[in-house]
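Report on the structure given below.
Nothing here was measured: the structure is a model prediction, and the numbers come from that model.
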Amino acid sequence: MDQIAIISDVHSNLPALEAVLADIAGRGIEQIYCLGDLVGKGPDSACVVDLCRERCAAVVKGNWDDKLAESGGGRTRRWHQTQLGAERLDYLRTLPNTIDFLLSGKRVRLFHASAQDIYYRVGFWHDQNELRGMFANTPFTGFASPPPDIVGYGDIHHPYLLPVAGKTLFNVGSVGNPMDYIPLAGYVIMRGHFDSSRFGQIGTEIIRLPYDIEAALAQARAVDMPKLAEYAFELRHANHRSQMPDLG
């Protein structure tokens, strides 16, 4: 069977990305798809973009990629834009919305956040109507391909696998910024017969692995990255700083 690694939400965390890519290589997987949010939050946007361009067969646009590629913004956005430079920002602007392919007779669609757009967030906690909408053809996904049987996405930084009305919905989690209280890098492996219309064996596996969080934070301190305290809390606790307990 063929194996496909799916990564998402690296958020400029180079040590986490390197750990995930090493694990993927160690399993002999050569085909990698990235579901966006390469940039922002962390200190290594330029290196992450360059590495994903080199190693990934395809990359879709995330909301952070889109926002940072816009001109203007406050100090934090300008800091990240300076790290990226004009050519990489142009690359982020041109990223597609979706990736569609066949796997063991099933139609698979990958995108960043939802079938609506990169800013419309859907999670496992939403109702069945919202979840079924993840499989729709829309102006965002286009109408060239039939609606998918399997949908994978990123954005919420919380991996899961869920049956929805006879189809399969999964979230790949986050390479560099997990938010499920588990401070481990995450990605997904899909197995099946790639580009085959013949029904056969197919599987989806969520992978979690450790990486050097303190090295990632040391890199952020070395370049005087904005919002370092918030970033440190998120990496160490896999949760938003806004959820910190009030200790008075």
Side-chain angles (χ1 to χ4, degrees), residues 1-10 16-38 51-62 95-115 118 122-124 131-132 134-137 141-142 144-176 178 180 182 184-209:
M1 285 198 299
D2 301 306
Q3 295 189 100
I4 303 165
I6 308 172
I7 66 175
S8 189
D9 295 271
V10 183
L17 178 60
E18 290 175 334
V20 164
L21 291 177
D23 191 74
I24 291 169
R27 297 171 187 265
I29 302 173
E30 297 181 353
Q31 188 159 337
I32 305 172
Y33 292 139
C34 178
L35 305 191
D37 277 7
L38 287 68
L51 193 51
C52 286
R53 291 174 75 173
E54 175 188 341
R55 298 289 298 276
C56 297
V59 180
V60 300
K61 184 186 295 183
L95 291 174
N97 294 336
T98 66
I99 300 166
D100 287 81
F101 59 93
L102 281 171
L103 190 69
S104 294
K106 297 291 187 178
R107 294 182 295 272
V108 180
R109 176 170 292 159
L110 308 175
F111 46 62
H112 179 66
S114 74
I118 56 177
V122 175
F124 58 87
L131 297 177
R132 284 194 294 268
M134 297 288 275
F135 299 87
N137 280 350
T141 66
S145 301
D149 306 297
I150 301 170
V151 164
Y153 73 111
D155 185 56
I156 62 171
H157 300 208
H158 194 303
Y160 71 87
L161 180 68
L162 189 68
V164 177
K167 300 189 175 188
T168 301
L169 179 65
F170 68 89
N171 189 280
V172 305
S174 172
V175 170
D180 59 349
I182 302 172
L184 298 173
Y187 74 101
V188 155
I189 299 172
M190 294 195 76
R191 298 181 177 90
H193 298 290
F194 182 75
D195 200 28
S196 173
S197 59
R198 183 175 180 179
F199 290 108
Q201 187 174 348
I202 193 168
T204 303
E205 181 181 4
I206 295 169
I207 307 295
R208 304 301 293 270
L209 65 153

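- Partners of E205 according to the salt bridge (Lys or Arg N to Asp or Glu O under 4.0 Å) rule, which considers only residues two or more places apart in sequence or in another chain, are R191.
- Taking both residues in full, the closest heavy atoms of L184 and P178 are given as O-CG, 3.5 Å, listed atom of the first, atom of the second, then distance.
- Without hydrogens or angle criteria, S196 side chain to L103 main chain gives no donor-acceptor distance under 3.5 Å.
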Do any side-chain atoms of residues 17-26 form donor-acceptor pairs under 3.5 angstrom with protein atoms, and if so which ones, sequence neighbours left out?
residue : atom : partner : partner atom : Å
D23     : OD2  : R27     : NE           : 2.8
D23     : OD2  : R27     : NH2          : 3.4
D23     : OD2  : Y187    : OH           : 2.6

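- Scanning all heavy atoms of the two residues, the minimum distance from S8 to G154 falls at OG-CA, 3.5 Å.
- The two atoms that bring P96 and V59 nearest to each other are CD-O, 3.2 Å, heavy atoms only.
- Remark: T98 pairs with D100 by the side chain to side chain donor-acceptor pair (under 3.5 Å) rule, at least two apart or across chains.
- Between the CD1 atom in I207 and the CD1 atom in I189 there is a gap of 4.0 Å [rounded to 0.5 Å].
- Note that CD of Q201 is 7.5 Å distant from OG of S104, once rounded to the nearest 0.5 Å.
- Here the shortest heavy-atom pairing between K61 and I118 reads O-CG2, 3.3 Å.
- Shown here are the side chain to side chain donor-acceptor pair (under 3.5 Å) partners of N137, two or more places apart in sequence or in another chain: R109.
- Of all non-hydrogen atoms in T141 and A115, the two that sit nearest each other are CG2-O, 3.8 Å.
- Partners of N171 under the side chain to side chain donor-acceptor pair (under 3.5 Å) rule, at least two apart in sequence or in another chain, do not exist in this structure.
- The backbone N or O of D9 sits less than 3.5 Å from a side-chain atom of S174, completing a donor-acceptor pair.
- Between the side chain of R55 and the backbone N or O of I32 there is no donor-acceptor pair closer than 3.5 Å.
- Heavy atoms only, all atoms of each residue included: Y153 and V122 are closest at OH-O, 2.7 Å.
- Looking at L110, I99, N97 one by one, the single match for side-chain contact (heavy atoms from CB on, under 4.5 Å) with V60 turns out to be I99.
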Q | Verdict with reasoning, I6 to L35, per side-chain contact (heavy atoms from CB on, under 4.5 Å) | A | CA-CA 7 Å; I6 308 172; L35 305 191; 3.7 Å; yes
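- Scanning for side chain to side chain donor-acceptor pair (under 3.5 Å) contacts around Q31 gives Y33, with sequence neighbours left out.
- Put simply, the side chain of K106 never gets that close to the backbone of I150: no donor and acceptor are under 3.5 Å apart.
- Here the two rings, on F101 and F194, have centers that are under 6.0 Å apart.
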Q) Could you go step by step and tell me if Y160 and D180 meet the side-chain contact (heavy atoms from CB on, under 4.5 Å) rule? A) CA-CA 10 Å; Y160 71 87; D180 59 349; over 6 Å; no
